[in-house]
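In what follows, a structure is listed as structure tokens, so that the remarks can point back to it.
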Amino acid sequence: MRIYNSYKDQVEEFIPIHENQVNMYVCGPTVYNYIHIGNARPVIFFDTVRRFFEAKGYHVKFVSNFTDVDDKIIQKAKDDHLDEMVVANHYIDAFLKDLEGLNCKTDYIKPRVTHYMGHIENFIKELVDKGYAYTIHGDVYFRVEKIKDYGILSNRQIEDLKSGARIDINPDKESPLDFTLWKKTTEGLNFESPFSKGRPGWHTECVAMIDDVFGEKIDIHGGGADLKFPHHENEIAQSKALHNHGLANYWMHNGRVSIKDTKMSKSLGNVILVKDVEDKMPLRYFLLSTHYRSPLNYDDEGFQMYVKEFEKLESSLKQLFRKLDLQDQIKQVDIENHEIKQILKDFDDALEEDFNTANAITALQSLLKVINVSIRKKESNDYYNQLNQAAHYMIGILGLKVKLEPMSQNDREMYHQWELARKNKDFKLADQLRNELTERGIL
RNA sequence: GGACCCUUAGCCAAGUGGUAAGGCACGGGACUGCAACUCCCUCACCGCCGGUUCAAAUCCGGCAGGGUCCUCCA
């Protein structure tokens, strides 16, 4: 397994800290709105990463947070005349529903900031005690310049950052680079702390929760490329200050999604929400069709291509399944066929090389071709089962769900009547039965 | 202004030194009671100009166009 490590800007062999175990953390949503397809990209991608690791026999401890205290939530609560926690809970539920629609696993560890206040406080306190942070007027800031190699992840020099820094209106900070660990405020949801009544800074939440949930350096930390700076850079800085390590061995960042070659943003009004996309599986297919590090552009016409592709996948697998199902012959077999084995190998090879889902999909497509050819021929049930199993292995890792229900006795009879009608050239009856079978999702 | 990235057929998209995967669309065939599905065939001087090399889409330099980050952002 090889992974492109953003921290070093190179592809590296993946070596887990603990054998057969992968500890990974992905920055989760701030729950003040429904997620859009750009948010869905890391969600789907890292779910696929998890699935592949699991398929390869790793135990994956997958953690992704909910930021449920934030200025944007306060604003949203004001706008909607609701309690902040009501807002947060609503969008957490909506997020999980979107996840299910996208066929992402939801059985992962989901720390919420509001449940970790004690730990976050202690974390900040320790930073202060060690001299890496300072309090002033109730606010707490991190001393960035105490971290000597600050900027490695995002490839920035401290000097450049200083000269490029916007005019800082906050004279309390020792340096414009310093970032907030604790913000004194009584507006919105706030918490008592030794520093002041207030809220934690976003950059400290993730690292404090990782600290508590894992209690050690983790294998993989993931998120969108735009989180590299300053968010992830600041997480690393805090971890170095407190634990003398860079938080994660491998940093993975996915590219952005744009819409019709334009940045997706609420002010431009070109946001596509996941909940509004009818074709959830084609969306997943689409988002995996480009390598995760490349930028991805969405437009309706292009997307139709993937809707069609997914339908093709669905119909081929359905026909194969039906062939076996009609004879009650679906069973576990050993995959021995050379061609199928080669395709499986191509699939695994693609994913093992920095999760190249685009090439993995190509392998899936070549299996589909083999399936389609075989369906027209008379092949053994054993061979069909090998194909079926290989296909399900692949779509299981890619997380592409295809509805395949075994036929009822009634369905079977109807199917046989249809065949009989065609044989007897009773095309009127045959067409009628065909329509019925199609409606029932059999054909 | 500073940092970085991208440019492969009509469209989407792999490929990071050995002579262009795959998909969609188009065109030509096949199969079929009619459809749908499916199958076969066809379809690229890798943005432009130089350089390095026996060999470059792949490395280096320049130019053009596009984008991201530097501020909340997945």
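A, B, ... follow the sequence lines: proteins, then strands. Residue 1 opens every chain.
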Quiz prompt | Sidechain N-carboxylate O distance under 4.0 Å for A:Glu54, A:Arg50 | solution =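 A salt bridge is present here (some side-chain N lies under 4.0 Å from a carboxylate O).
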Quiz prompt | Salt-bridge present (A:Arg199, A:Asp70; N to O < 4.0 Å) | solution =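 Not counted as a salt bridge, because no side-chain N and carboxylate O are separated by less than 4.0 Å.
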Just name whichever nucleotide pairs with [N], Watson-Crick or G-U, keeping both distances under 3.5 Å, else none.
N: B:rC24; value: B:rG10
N: B:rC54; value: B:rG18
N: B:rC39; value: B:rG29
N: B:rC63; value: B:rG47
N: B:rU68; value: B:rA3

Could you check how far [atom1] of [X] sits from [atom2] of [N], rounded to whole Å?
X: A:Lys72; N: B:rC73; atom1: NZ; atom2: C1'; value: 6 Å
X: A:Asp354; N: B:rU16; atom1: CG; atom2: C1'; value: 13 Å
X: A:Leu177; N: B:rG2; atom1: CG; atom2: C1'; value: 14 Å
X: A:Lys183; N: B:rC72; atom1: NZ; atom2: C1'; value: 11 Å
X: A:Trp202; N: B:rA74; atom1: CH2; atom2: P; value: 7 Å
X: A:Gln10; N: B:rU16; atom1: CD; atom2: P; value: 16 Å
X: A:Tyr298; N: B:rA74; atom1: OH; atom2: C1'; value: 18 Å
X: A:Gln365; N: B:rA21; atom1: CD; atom2: C1'; value: 11 Å

Would you mind classifying the nucleic acid contact of [X] as base, sugar-phosphate or nothing, using non-hydrogen atoms under 4.0 angstrom?
X: A:Asn155; value: sugar-phosphate
X: A:Gly302; value: nothing
X: A:His36; value: base
X: A:Asn297; value: nothing
X: A:Val257; value: base

[atom1] atom, [N] versus [M]: distance in rounded Å?
N: B:rC6; M: B:rG62; atom1: P; answer: 15 Å
N: B:rA13; M: B:rC24; atom1: P; answer: 15 Å
N: B:rA44; M: B:rU19; atom1: C1'; answer: 14 Å
N: B:rC49; M: B:rC45; atom1: C1'; answer: 16 Å
N: B:rA57; M: B:rU7; atom1: P; answer: 15 Å
N: B:rA35; M: B:rA30; atom1: P; answer: 14 Å
N: B:rC5; M: B:rC41; atom1: P; answer: 41 Å
N: B:rG17; M: B:rG65; atom1: C1'; answer: 27 Å

Quiz item: Going by distance alone, is a donor N or O of one side chain under 3.5 Å from an acceptor N or O of the other, for A:Tyr34 and A:Asp276?
Solution: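 Per modelled atom types, A:Tyr34 and A:Asp276 side chains form no pair under 3.5 Å.
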Quiz item: How are the rings of A:Tyr415 and A:Trp418 set to each other: parallel, tilted or perpendicular (split at 30° and 60°)?
Solution: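 Geometry flag for A:Trp418 against A:Tyr415: perpendicular rings.
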Practice problem: Give the ring-plane orientation class for A:Tyr298 versus A:Phe286, where under 30° counts as parallel, over 60° as perpendicular and anything between as tilted. | Solution: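 Geometry flag for A:Phe286 against A:Tyr298: perpendicular rings.
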Using a cut-off of strictly less than 4.0 Å, decide whether [X] has a side-chain nitrogen or oxygen near OP1 or OP2 of [N].
X: A:Thr290; N: B:rA13; answer: yes
X: A:Asn356; N: B:rA13; answer: no
X: A:Arg256; N: B:rC69; answer: yes

Quiz item: Starting at the 5' end of RNA chain B, which residue's closest nucleotide do you reach first, A:Ser294 or A:Tyr285?
Solution: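 Whichever sits nearer the 5' end wins; that is A:Ser294.
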Quiz prompt | Residue whose closest nucleotide on RNA chain B lies nearer the 5' end, A:Ala225 versus A:Arg156 | solution =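 Comparing both residues, the 5'-ward one is A:Arg156.
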Quiz item: Reading nucleotides 31-39 of chain B 5' to 3', which nucleotides get B (base under 4.0 Å from a protein heavy atom), which S (sugar-phosphate only), which -?
Solution: --BBB-BSS
Throw together a table of side-chain donor-acceptor distances under 3.5 angstrom for residues 427-443 of chain A, partners on residues two or more places apart or in other chains.
residue	atom	partner	partner atom	Å
A:Asn435	ND2	A:Asp431	O	3.4
A:Thr438	OG1	A:Arg434	O	2.8
A:Arg440	NH1	A:Asp411	OD1	2.8

Practice problem: Ignoring the backbone of A:Asp226, work out which of B:rC12, B:rA13, B:rC69 is nearest its side chain. | Solution: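 It is B:rC69.
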Quiz prompt | Of the listed nucleotides B:rA74, B:rU68, B:rA13, the one nearest the side chain of A:Leu296 | solution =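 Among the listed nucleotides, the one closest to the side chain of A:Leu296 is B:rA13.
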Quiz prompt | Pairs involving residues 383-393 of chain A, ordered by first then second residue, that meet side-chain hydrogen bond (donor to acceptor under 3.5 Å, both in side chains) (sequence neighbours left out) | solution =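 Counting only pairs at least two positions apart or across chains, the side-chain hydrogen bond (donor to acceptor under 3.5 Å, both in side chains) contacts touching residues 383-393 of chain A are A:Lys56-A:Tyr393, A:Asp348-A:Tyr393, A:Asp382-A:Gln386, A:Asn388-A:His392.
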Exercise. Scan A:Asn249, A:Ile236, A:Leu247 and name whichever one has a side-chain contact (heavy atoms from CB on, under 4.5 Å) with A:Tyr7.
Key: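 Only one option passes, and that is A:Ile236.
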Self-check item: Straight-line distance of A:Arg322 CZ to A:Ser315 OG, nearest 0.5 Å
Solution: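 Going from the CZ atom of A:Arg322 to the OG atom of A:Ser315 covers 12.0 Å.
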Practice problem: Could you walk me through whether A:Leu344 and A:Met394 pass side-chain contact (heavy atoms from CB on, under 4.5 Å), step by step? | Solution: CA-CA 8 Å; A:Leu344 284 171; A:Met394 293 184 187; 3.8 Å; yes
